[in-house]
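Below is one structure; the comments refer to it alone.
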Number of protein chains: 2
Amino acid sequence: MEDTRSTNCPILFALDIFGDKWSLLIMRDILIRGGKYYKDFLGAGEGISTNILANRLEQLERHGLIVKQLDETNKRRFVYSPTQKGMELVPALMEIIEWSAKYDPDTGTPPWYIERLKTDREALIQEIYDQFQTRE
Amino acid sequence: MEDTRSTNCPILFALDIFGDKWSLLIMRDILIRGGKYYKDFLGAGEGISTNILANRLEQLERHGLIVKQLDETNKRRFVYSPTQKGMELVPALMEIIEWSAKYDPDTGTPPWYIERLKTDREALIQEIYDQFQTRE
DNA sequence: AAGTTTACTTGCAAAATACAAGTAAATATC
DNA sequence: GATATTTACTTGTATTTTGCAAGTAAACTT
């Protein structure tokens with residue numbers, strides 16, 4: 001085995017930020033499904049616990065992947081949106097989607113989406129970026 | 001938020017297979033560092049516990065990402081190698097590496113590697129594939 | 001003014017992980 | 001040929017993380 005140092009390994013760096021069962025699902029909710037509010041994430045389907053959700057949102061914000069702002073149109077809630085750093089996870093998400101669509105016999109991803117991933121990926125990713133205005 | 005069904009979500013499918021702290025690090029050891037044996041993974045640097053490692057190798061094999069074969073040159077050990085399904089995680093790993101190299105101020109990834117990722121990705125990935133002979 | 005929505009927090013049980021020690025077969029060494 | 005070492009684990013227990021249920025507080029609706 002090669003004599004690679006494990007400190008500063010980029011895979012480890014990433015996993016320390018979103019390498020758990022829930023963080024990447026929350027990023028999926030925000031980036032791909034357009035989720036904005038706490039209840040969106042709670043109701044996303046996988047059944048995350050409310051305490052875990054609160055903890056993960058805090059971590060994601062602390063790591064600069066998302067920002068939390070008071071919703072001025074309804075001050076009971078906050079709007080969660082991705083930062084540039086968060087948005088740039090989309091290409092990785094796309095690779096994961098392509099892999100899963102290939103190997104999940106019950107995949108819900110439609111063929112036209114996979115086709116676009118293969119032939120028109122840049123535009124697809126750009127369309128997702130365009131939905132958000134970048135914030136620090 | 002869009003009315004997407006969470007069943008059959010490709011991100012969830014993937015996370016159910018390698019969405020924990022260790023599985024993707026093991027795949028990194030195999031795919032990128034050329035690790036083959038139990039002790040390679042134990043000594044990879046992050047300090048995985050031996051019981052957890054045994055459990056994850058079993059899961060990865062059960063999900064068809066790796067195969068385990070007796071090493072005929074030294075029958076005390078087994079050779080772990082990636083399947084086609086496992087190898088095809090490389091593109092996702094590359095996206096994660098690119099993301100981490102950009103956002104980790106202490107990244108250990110050399111600039112020439114990032115440059116190659118951007119300008120010559122296909123060949124880089126192919127070189128990794130070529131190191132393994134495909135097995136079911 | 002009372003009820004509802006929204007985003008959490010808190011307490012406790014259950015599950016997963018980490019740590020330390022032990023086992024067994026194959027190989028190397030004396 | 002006996003003894004030590006390597007290799008890949010298993011087992012037991014403490015610690016940490018997660019899951020579940022209930023509760024809180026501020027903003028908004030009725």
Side-chain angles (χ1 to χ4, degrees), chain A residues 1 6 11-12 14-30 33-63 65-82, chain B residues 1 6 11-12 14-30 33-63 65-82:
Chain A
M1 189 146 113
S6 35
I11 303 296
L12 183 63
L15 289 177
D16 280 346
I17 295 175
F18 56 78
D20 67 284
K21 188 177 168 183
W22 295 110
S23 296
L24 211 57
L25 287 179
I26 295 169
M27 293 309 295
R28 171 207 64 182
D29 288 341
I30 293 175
R33 297 186 173 176
K36 290 178 180 174
Y37 312 114
Y38 196 89
K39 69 171 161 55
D40 291 336
F41 312 132
L42 262 190
E46 286 89 6
I48 187 172
S49 295
T50 176
N51 54 346
I52 302 296
L53 175 57
N55 175 264
R56 294 304 185 277
L57 287 170
E58 186 200 318
Q59 281 181 218
L60 290 171
E61 196 190 10
R62 187 158 36 80
H63 283 115
L65 273 63
I66 61 176
V67 284
K68 175 185 182 178
Q69 294 165 286
L70 191 62
D71 183 351
E72 293 297 337
T73 71
N74 182 346
K75 292 184 176 171
R76 281 175 298 192
R77 63 190 185 185
F78 297 90
V79 179
Y80 290 94
S81 49
Chain B
M1 184 144 116
S6 35
I11 303 295
L12 183 63
L15 290 177
D16 281 346
I17 294 174
F18 55 79
D20 67 285
K21 188 177 170 185
W22 297 109
S23 297
L24 211 56
L25 287 178
I26 295 170
M27 292 310 294
R28 170 208 66 182
D29 288 340
I30 293 175
R33 296 187 173 176
K36 291 179 180 172
Y37 312 114
Y38 196 87
K39 68 171 161 60
D40 291 336
F41 313 132
L42 262 191
E46 285 88 7
I48 187 170
S49 296
T50 176
N51 54 345
I52 302 296
L53 175 56
N55 174 264
R56 291 307 184 278
L57 286 170
E58 186 200 318
Q59 281 181 219
L60 289 171
E61 195 188 11
R62 188 157 37 80
H63 283 115
L65 272 65
I66 61 176
V67 285
K68 176 184 183 177
Q69 294 164 283
L70 190 62
D71 183 351
E72 293 297 339
T73 71
N74 183 346
K75 292 184 178 173
R76 282 175 296 192
R77 62 189 185 185
F78 296 90
V79 180
Y80 291 93
S81 50

**Prompt:** Got a sec, which residues hit side chain to side chain contact (heavy atoms under 4.5 Å, CB included) with B:Asn74, two or more places apart in sequence or on another chain?
**Reply:** B:Asp71, B:Arg76, B:Arg77
**Item:** Non-neighbouring partners of A:Phe18 that pass ring pair (Phe, Tyr, Trp, His ring centres under 6.0 Å), sequence neighbours left out
**Value:** B:Trp99
**Message:** Which residues pass the side chain to side chain contact (heavy atoms under 4.5 Å, CB included) test with A:Leu70, not counting sequence neighbours?
**Reply:** A:Glu72, A:Lys75, A:Phe78
**Message:** How many whole angstroms separate atom NZ of B:Lys68 from atom C1' of D:dT7?
**Reply:** 12 Å
**Prompt:** Looking at DNA chain C, which of residues 16-25 of chain B put a heavy atom within less than 4.0 Å of it?
**Reply:** B:Lys21, B:Trp22
**Estimated bend of the helix from C:dA1-D:dT30 to C:dC30-D:dG1 (axis per five terminal pairs, rounded to 10 degrees)** = 10°
What pairs of nitrogen or oxygen atoms, one from the protein and one from nucleotides 28-30 of chain D, lie under 3.5 Å apart?
from, atom 1, to, atom 2, distance (Å)
D:dC28, OP1, A:Lys75, N, 2.6

**Item:** All side chain to side chain contact (heavy atoms under 4.5 Å, CB included) counterparts of A:Asp16, not counting sequence neighbours
**Value:** A:Leu12
**Asked** Is any side-chain heavy atom of A:Trp22 less than 4.5 Å from a side-chain heavy atom of A:Leu53?
**Response** no
**Complete:** Applying side chain to side chain donor-acceptor pair (under 3.5 Å) to B:Ser49 and not counting sequence neighbours gives none
**Complete:** Correct closest heavy-atom pair for A:Gln69 and A:Ser81 would be OE1-OG, 3.9 Å
**Request:** State, with a plain yes or no, whether a side-chain heavy atom of B:Leu57 is found less than 4.5 Å away from one of B:Phe41.
**Result:** yes
**Message:** The criterion is side chain to side chain contact (heavy atoms under 4.5 Å, CB included); which residues satisfy it with A:Leu60, sequence neighbours excluded?
**Reply:** A:Ser23, A:Ile26, A:Met27, A:Leu65, A:Ile66
Write out a two-atom table: protein N or O, nucleotide N or O from nucleotides 10-13 of chain D, distance below 3.5 Å.
from, atom 1, to, atom 2, distance (Å)
D:dG12, O6, B:Asn51, ND2, 3.4

**Message:** Set out, in order, the CA-CA distance, both residues' side-chain angles and the distance that settles salt bridge (charged side-chain N to carboxylate O under 4.0 Å, His left out) for B:Arg28 and B:Glu46, then state yes or no.
**Reply:** CA-CA 12 Å; B:Arg28 170 208 66 182; B:Glu46 285 88 7; 2.9 Å; yes
**From CZ (A:Arg56) to CD (A:Glu58), nearest 0.5 Å** = 10.5 Å
**Complete:** So the contacted stretch of DNA chain C, first to last nucleotide with an atom under 4.0 Å from a non-hydrogen atom of chain B, runs from C:dT17 to C:dT27
**Asked** To the nearest Å, how far apart are A:Leu42 CG and D:dG19 P?
**Response** 13 Å
**Complete:** Nearest heavy-atom contact between B:Ile30 and B:Pro82 is CG2-CD, 3.5 Å
**Item:** Integer-rounded Å distance: D:dT7 P and B:Asp40 CG
**Value:** 10 Å
**Item:** Any residue meeting salt bridge (charged side-chain N to carboxylate O under 4.0 Å, His left out) with B:Lys68, in chain and number order, not counting sequence neighbours
**Value:** none
**Item:** Value in whole Å for how far the P atom of D:dT18 lies from CG of A:Leu53
**Value:** 13 Å
**Asked** Side-chain contact, heavy-atom cut-off 4.5 Å: B:Leu42 with B:Thr50?
**Response** yes
**Item:** Whole angstrom value for the distance that separates P of D:dT7 from OH of B:Tyr80
**Value:** 14 Å
**Asked** Is there side-chain contact between A:Val79 and A:Tyr37, with at least one heavy-atom pair below 4.5 Å?
**Response** yes
